[in-house]
Amino acid sequence: MKLKLSMAAALLLAGTNAFALENVKYNGEAKLWYQSSETATADMFDHATNSLGHAAIKLGMTADAKKNVQLGIEMTGLTTLGLENNLVGGVSSGRTFSKGEDTLDGAAVTDAQRWFSKAYIALKGDKNTLKVGRQALKTPLAFTEGWAAGANTFEAVVDVYKMSKDATFVGAYVGKSNATPSATGATWVHNYNGEFQSFLNGAYMFAGHHKFGESTKANWYAYDLISVANAVWVDAEYKPKDGLYAGLQYSQIAAKITGETDSDMMAVKVGTNVAGWDASFAYSQVGEGTYNFANKATNDKTMVYTGQLSIFADGTNVAANDTTAMKVQFVKKSKEGTFNLLKLAYTTAENSGNGTAANAYDLTALDLVAKTKVGAVDLLTILTQATKEMASGAKPIDHTTLRVIGSLKF
C-alpha cells in the first residue's frame with residue numbers, strides 16, 4: 001500500500017528543524033480486522049460478503065511549534081491485502097462516495113484508501129485550549145467511531161475552558177465530517193478515501209462537565225444542527241468505589257423542518273460489583289418522532305446505555321424511534337491473567353413501528369467479548385448471536401457473528 005504524502009507533510013512527519021518543532025512525539029497503529037457471520041444463506045468463514053477483512057495503518061505526530069502552540073497530524077491507510085481474492089467478500093469500512101457508486105464498498109471496492117484523518121493546530125493557555133482542524137470528537141450525538149478498521153473524524157473548531165478541577169465548559173462549531181449517515185442503517189463509518197463533506201450544513205455545540213465530590217458527575221450538551229434540529233442531552237452518574245452505582249440519561253431533539261416531529265429519549269442504569277465482576281442493568285425508552293438517538297455523523301452507533309459496545313444492539317436498533325430496550329451486562333477487567341477484559345451482555349429491544357405497524361420489530365442480542373495480549377499485539381474477539389424479527393415475520397438479522405481485531409500500537 002502506497003501512502004502519498006505532500007512534501008510539507010513528509011517534512012512534518014520527519015520532525016525537521018526547518019519548522020523549529022520541539023517536543024516531537026510520534027504514534028502509530030497497525031490493525032488487522034476480520035469478521036464473519038453465519039446466516040440463513042451463508043456459513044461462517046464463507047468467502048462471500050458475510051465475511052469481511054481489512055488492514056489499516058495509522059501514522060501520527062504531535063509537536064510544539066512554539067510555546068503553547070501544538071500541531072497534530074495523522075494519516076490513515078486502508079488496504080484489503082488481497083484478502084478478497086480468497087478469504088473474504090467485503091471490507092469493514094469506507095463508502096464508495098467519491099466514485100459515484102453510492103454503495104457499500106463491501107460490494108465493489110478492493111483498492112487502497114488513504115487520507116489525513118487528523119490535521120489540527122491547538123492554542124493552549126492556562127485554562128483555555130482552542131483546537132482548530134481535523135480531529136476526533138466525543139459527544140453523545142456526534143462522535144468518532146473506532147470499531148471498524150477506519151474511523152470517522154470531523155473538521156471543527158473546539159474551545160475547552162477548564163474553569164476549575166470540577167468544572168469544564170466546551171464550545172464548538174462542526175463544519176464537516178468524513179462520514180455520510182445512512183437512512184437504511186448501513187455501516188458506512190466513513191466515506192471512500194475519507195472524503196470530508198458538510199456536516200448537516202454545520203452545527204454548533206455547547207457543553208458542561210461537572211464533578212461533585214469523588215463519586216458524582218454530570219454532563220450537559222446543547223446542539224444547534226443548523227438546517228435540521230435543536231437538541232439537548234443531559235446525563236448524570238453516581239459511582240462510589242464500592243457498592244451500588246446508578247446513571248441517568250435524557251435527550252430531546254426538536255425539529256426545525258416542516259413535517260418532521262420532535263423526539264425524546266430516557267435511559268437509566270444501575271450496577272454493582274459481584275465477585276470481581278461489574279454487573280449492571282440498563283433500560284431505555286425512545287419515543288415516537290422523526291429522529292433516532294444514534295450518532296448523527298453515521299446513523300450507526302449510540303451512547304445510549306442499552307446500545308453501547310454491541311455489534312447489532314446499537315444505535316440502528318436500540319436507539320431507534322419508538323423503541324424500548326433492556327440490557328443485562330457483566331464485565332471483568334484485569335491487568336493480570338490471560339484476559340484484560342471479559343464481557344457478557346444480553347440485550348432486548350421492542351420497536352412499536354413509530355406509527356407504522358409494519359415497521360415494528362423485536363431484537364435480541366447476546367454479546368461475548370474478550371480482550372487479551374499476544375506478545376505486543378492487542379487481540380479483541382467478539383462473538384455475537386443476534387435476531388431481529390419484523391412484524392411480518394421476516395428476519396433481516398439472524399446472525400451468529402465472529403469479529404477478531406489484532407492491533408499493534410507503536
Side-chain angles (χ1 to χ4, degrees), residues 32-55 78 80-97 99 101-111 145 147-150 180-189 192 292 294 298-301 307 309-320 323 325 345-351 353 356-369 380-405:
L32 187 61
W33 195 102
Y34 175 81
Q35 176 176 300
S36 187
S37 296
E38 181 173 339
T39 70
T41 58
D43 294 328
M44 188 80 76
F45 309 122
D46 273 2
H47 304 159
T49 54
N50 64 308
S51 295
L52 309 175
H54 233 155
L78 300 180
T80 65
L81 291 175
L83 297 172
E84 75 282 356
N85 292 326
N86 47 41
L87 290 177
V88 302
V91 294
S92 71
S93 59
R95 184 186 185 207
T96 62
F97 187 87
K99 287 194 169 185
E101 297 168 359
D102 199 26
T103 61
L104 291 178
D105 67 359
V109 173
T110 58
D111 57 340
E145 298 181 13
W147 61 269
T180 302
S182 166
T184 61
T187 52
W188 287 335
V189 190
Y192 179 78
N292 64 22
T298 64
N299 203 32
D300 186 13
K301 301 304 179 182
L309 303 177
S310 178
I311 293 180
F312 295 108
D314 58 5
T316 306
N317 295 301
V318 170
T323 300
Y346 179 73
T347 308
T348 64
E350 181 179 348
N351 182 286
T356 304
N359 293 335
Y361 61 79
D362 291 317
L363 174 84
T364 61
L366 179 66
D367 294 286
L368 176 62
V369 181
L380 170 65
T381 303
I382 304 174
L383 181 63
T384 294
Q385 201 290 319
T387 302
K388 179 179 179 179
E389 184 172 358
M390 307 300 296
S392 64
K395 294 182 178 181
I397 298 175
D398 190 8
H399 304 339
T400 298
T401 297
L402 174 68
R403 179 181 294 173
V404 181
I405 304 172

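Count residues from 1 along the sequence.
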Determine all donor-acceptor pairs shorter than 3.5 Å in which one atom belongs to a side chain in residues 390-401; sequence neighbours excluded.
from: Ser392; atom 1: OG; to: Ala394; atom 2: N; distance (Å): 3.4
from: Asp398; atom 1: OD1; to: Thr387; atom 2: OG1; distance (Å): 3.4
from: Thr401; atom 1: OG1; to: Ser37; atom 2: OG; distance (Å): 2.7

N/O donor-acceptor pair under 3.5 Å between [X] side chain and [Y] backbone:
| X | Y | result |
| --- | --- | --- |
| Asn292 | Ala294 | yes |
| Thr39 | Thr41 | yes |
| Glu145 | Thr298 | no |

For [X], give me all partners under side-chain hydrogen bond (donor to acceptor under 3.5 Å, both in side chains), at least two apart in sequence or on another chain.
| X | answer |
| --- | --- |
| Thr384 | Asp367 |
| Asn317 | Lys388 |
| Gln35 | Arg403 |

Take Leu363 and Thr347 through the test side-chain contact (heavy atoms from CB on, under 4.5 Å) and record every step on the way to the result. CA-CA 8 Å; Leu363 174 84; Thr347 308; 5.6 Å; no

Do you know which two heavy atoms are closest between [X] and [Y], and how far apart they sit?
| X | Y | result |
| --- | --- | --- |
| Glu350 | Asp362 | CG-OD1, 3.3 Å |
| Thr316 | Ala320 | O-CB, 3.7 Å |
| His54 | Ala149 | CB-CB, 3.7 Å |

Among all residues two or more places apart in sequence or in another chain, which pass the side chain to side chain contact (heavy atoms under 4.5 Å, CB included) test with [X]?
| X | value |
| --- | --- |
| Ala325 | Ser284, Thr306, Val318, Ala349 |
| Ser36 | Tyr34, Met44, Phe45, Asn50, Ser51 |
| Leu309 | Lys343 |
| Leu81 | Leu32, Ala55, Thr79, Leu83 |

Yes or no on side-chain contact (heavy atoms from CB on, under 4.5 Å) for Ile311 and Trp147, after CA distance, side-chain angles and deciding distance? CA-CA 9 Å; Ile311 293 180; Trp147 61 269; over 6 Å; no

Rounded to the nearest 0.5 Å, what separation is found between the CG atom of Leu78 and the OH atom of Tyr192? 10.0 Å

Nearest-0.5 Å distance, CG of residue Asp314 to CG of residue Asn299: 10.0 Å

Between Leu366 and Leu383, does a side-chain contact (heavy atoms from CB on, under 4.5 Å) hold up when you go through it step by step? CA-CA 8 Å; Leu366 179 66; Leu383 181 63; over 6 Å; no

Pair Ile382-Val369, side-chain contact (heavy atoms from CB on, under 4.5 Å): steps then yes or no: CA-CA 5 Å; Ile382 304 174; Val369 181; 4.1 Å; yes

